[in-house]
Protein chains: 2
Amino acid sequence: MSGQTHAPAALLANELFGGSRLSVARRAIAEAVRSLGGAFTAEELHEAVASSREGIGVATVYRAVAAMTAAGSLAPVGSRKGSTLYALCAGGDHHHHLVCTGCGTVVGIACPVDGSLMRSAEDAGYTVTAHEVTLYGLCAACTRARD
Amino acid sequence: MSGQTHAPAALLANELFGGSRLSVARRAIAEAVRSLGGAFTAEELHEAVASSREGIGVATVYRAVAAMTAAGSLAPVGSRKGSTLYALCAGGDHHHHLVCTGCGTVVGIACPVDGSLMRSAEDAGYTVTAHEVTLYGLCAACTRARD
DNA sequence: TCCTTAGTGAGAATCATTCTCAGATGAACG
DNA sequence: CGTTCATCTGAGAATGATTCTCACTAAGGA
Ligand SMILES: [Mn+2]
Ligand SMILES: [Mn+2]
Ligand SMILES: [Zn+2]
Ligand SMILES: [Zn+2]
């Protein structure tokens, strides 16, 4: 996972939405998610889906994003200008994300929360129940483009 | 820093706001920040400050939070019900936070982003420019209270 | 004390996200 | 295939956190 190009695997609308119902709108949304490639906001997804099918409401997009996130195929990866950023996430093993602030590309990274950190938390009397880790940076192309 | 009780150090309104002007409202806000102890939302801070001085506008509290955050004495530590959570943060060394979801207590933790993680990011062609790490859990008292 | 400018309070404005509701349609079942 | 009905959908209203505007006040250095 570490440093690998967080591959989209299947991308069948089918799987993206888990067990939920497969509508025309959701198929178009799944297609738009694929076309975007990297991280995106709900609004950007809404615009992208408009190119393949008109008239899909913004509420439907928000609901679809929630469904995909619940299904584990989408993960929130930070925020941009007040809107939450989402990206495709091949579930399975526990990992985190490195997001290119230039183009939105996302790669999975290994979880850095190790035993030593957990131990120091326990020493402080805490029981750790969850954690968030996200890295930001520039991908090879964006680093190059910046000169 | 690791596992230590993220001590408030001085807490003089003076230092909390960095170089900015010291008004009556901000002195009351600084006092309220101290009284809250743990993590809080802007709205909670607004309510808390009302007890020591009436009539302070919510916009003033938001501006004060922004000023303290800019000064490095406050840090965002996640969110609760849609509102950003802030907590006192003794600046200085690079560290992250472990927040008790029960009572809002916050302790500093060592940064787990190590060379190996950076190296794998570089292997993927990325230049890492920033990162966010936050742990959530229950402090000793809240763990006990939960039976 | 005077002057300049940052800070203040009220309320309007933004704006992402959620909710409401009546109508459409997946998909399971016979 | 039709029937059925819970799930989806679209439009627009509602929500709610945060920011902005603006006229006014008051730090605090000179
Ligand atoms: Mn992932
Ligand atoms: Mn801190
Ligand atoms: Zn992890
Ligand atoms: Zn760090």
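Just so it is clear, the values below take in all heavy atoms, side chains as well, and ignore hydrogens, waters and symmetry mates. Residue numbering restarts at 1 for every chain, and letters A, B, ... go by the order of the sequence lines.
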Review point. Hey, what do you get for CG (A:Leu98) to CE (B:Met118), rounding to the nearest 0.5 Å?
Key: 9.5 Å
**Study point:** Strand-adjacent residues in residues 19-30 of chain A, judged by heavy atoms under 4.0 Å from DNA chain C
**Key:** A:Arg21, A:Leu22, A:Val24
Review point. Salt bridge between A:Glu31 and A:Arg34, side-chain N to carboxylate O under 4.0 Å?
Key: yes
Review point. Ignoring hydrogens and geometry, is there a side-chain-to-backbone donor-acceptor pair from A:Thr105 to A:Gly38 under 3.5 Å?
Key: no
Check your understanding: Between A:Leu16 and A:Leu88, is a side chain to side chain contact (heavy atoms under 4.5 Å, CB included) present by the stated rule, with each step listed?
Key -> CA-CA 9 Å; A:Leu16 287 184; A:Leu88 275 171; 3.8 Å; yes
Exercise for review: Check B:His95 against B:Ala90 and note the closest heavy-atom contact, atom names and distance.
Suggested key: CE1-O, 3.5 Å
Point to revise | Length of the CZ-C1' vector between B:Arg63 and C:dG11, whole Å | key: 12 Å
Practice item. Classify the angle between the aromatic ring planes of A:His96 and A:His131 as parallel (below 30°), tilted (30 to 60°) or perpendicular (above 60°). Key: tilted
Study note, to complete from the structure: Interatomic distance, CD1@A:Ile109 vs NE2@A:His97, rounded to 0.5 Å, equals 8.5 Å
Review point. Taking all non-hydrogen atoms of both residues, which atom of A:Ala121 and which atom of A:Val128 are closest, and how far apart?
Key: CB-CG2, 3.6 Å
Practice item. Identify, residue by residue, the members of residues 36-53 of chain A with a heavy atom below 4.0 Å from DNA chain D, and return them in order of residue number, or none. Key: A:Arg53
Review point. Does A:Tyr62 make a side-chain N or O approach to OP1 or OP2 of C:dT18 shorter than 4.0 Å?
Key: no
Check your understanding: For the helix from C:dT1-D:dA30 to C:dG30-D:dC1, how many degrees between its two end axes (five pairs per end), to the nearest 10°?
Key -> 50°
Point to revise | Interatomic distance where OH belongs to B:Tyr86 and C1' belongs to D:dA17 [whole Å] | key: 10 Å
Using atom types as modelled, flag every donor-acceptor pair under 3.5 Å from a side chain in residues 76-86 of chain A to any protein atom, sequence neighbours excluded.
from    : atom 1 : to      : atom 2 : distance (Å)
A:Arg80 : NH2    : A:Glu44 : OE1    : 2.9
A:Arg80 : NH2    : A:Glu44 : OE2    : 2.6

Practice item. Examine D:dG10: is either OP1 or OP2 under 4.0 Å from a nitrogen or oxygen in the side chain of A:Thr60? Give yes or no. Key: yes
Output side-chain donor-acceptor pairs under 3.5 Å for residues 49-60 of chain A, partner residues at least two apart or in another chain, one line each.
from    : atom 1 : to      : atom 2 : distance (Å)
A:Ser51 : OG     : A:Ala48 : O      : 2.7
A:Ser52 : OG     : A:Val49 : O      : 3.3
A:Thr60 : OG1    : A:Arg63 : NH2    : 3.4

Exercise for review: Measure across B:Ala32 and B:Leu45 and return the closest heavy-atom pair with its distance rounded to 0.1 Å.
Suggested key: CB-CD1, 3.7 Å
Check your understanding: Ignoring hydrogens and geometry, is there a side-chain-to-backbone donor-acceptor pair from B:Thr134 to A:Glu132 under 3.5 Å?
Key -> no
Review point. Is there a residue in residues 65-83 of chain B whose heavy atoms reach under 4.0 Å of DNA chain D, and which residues are they?
Key: B:Gly82, B:Ser83
Exercise for review: Starting at NE2 of A:His46, measure out to CZ of A:Phe40 and round the result to the nearest 0.5 Å.
Suggested key: 13.5 Å
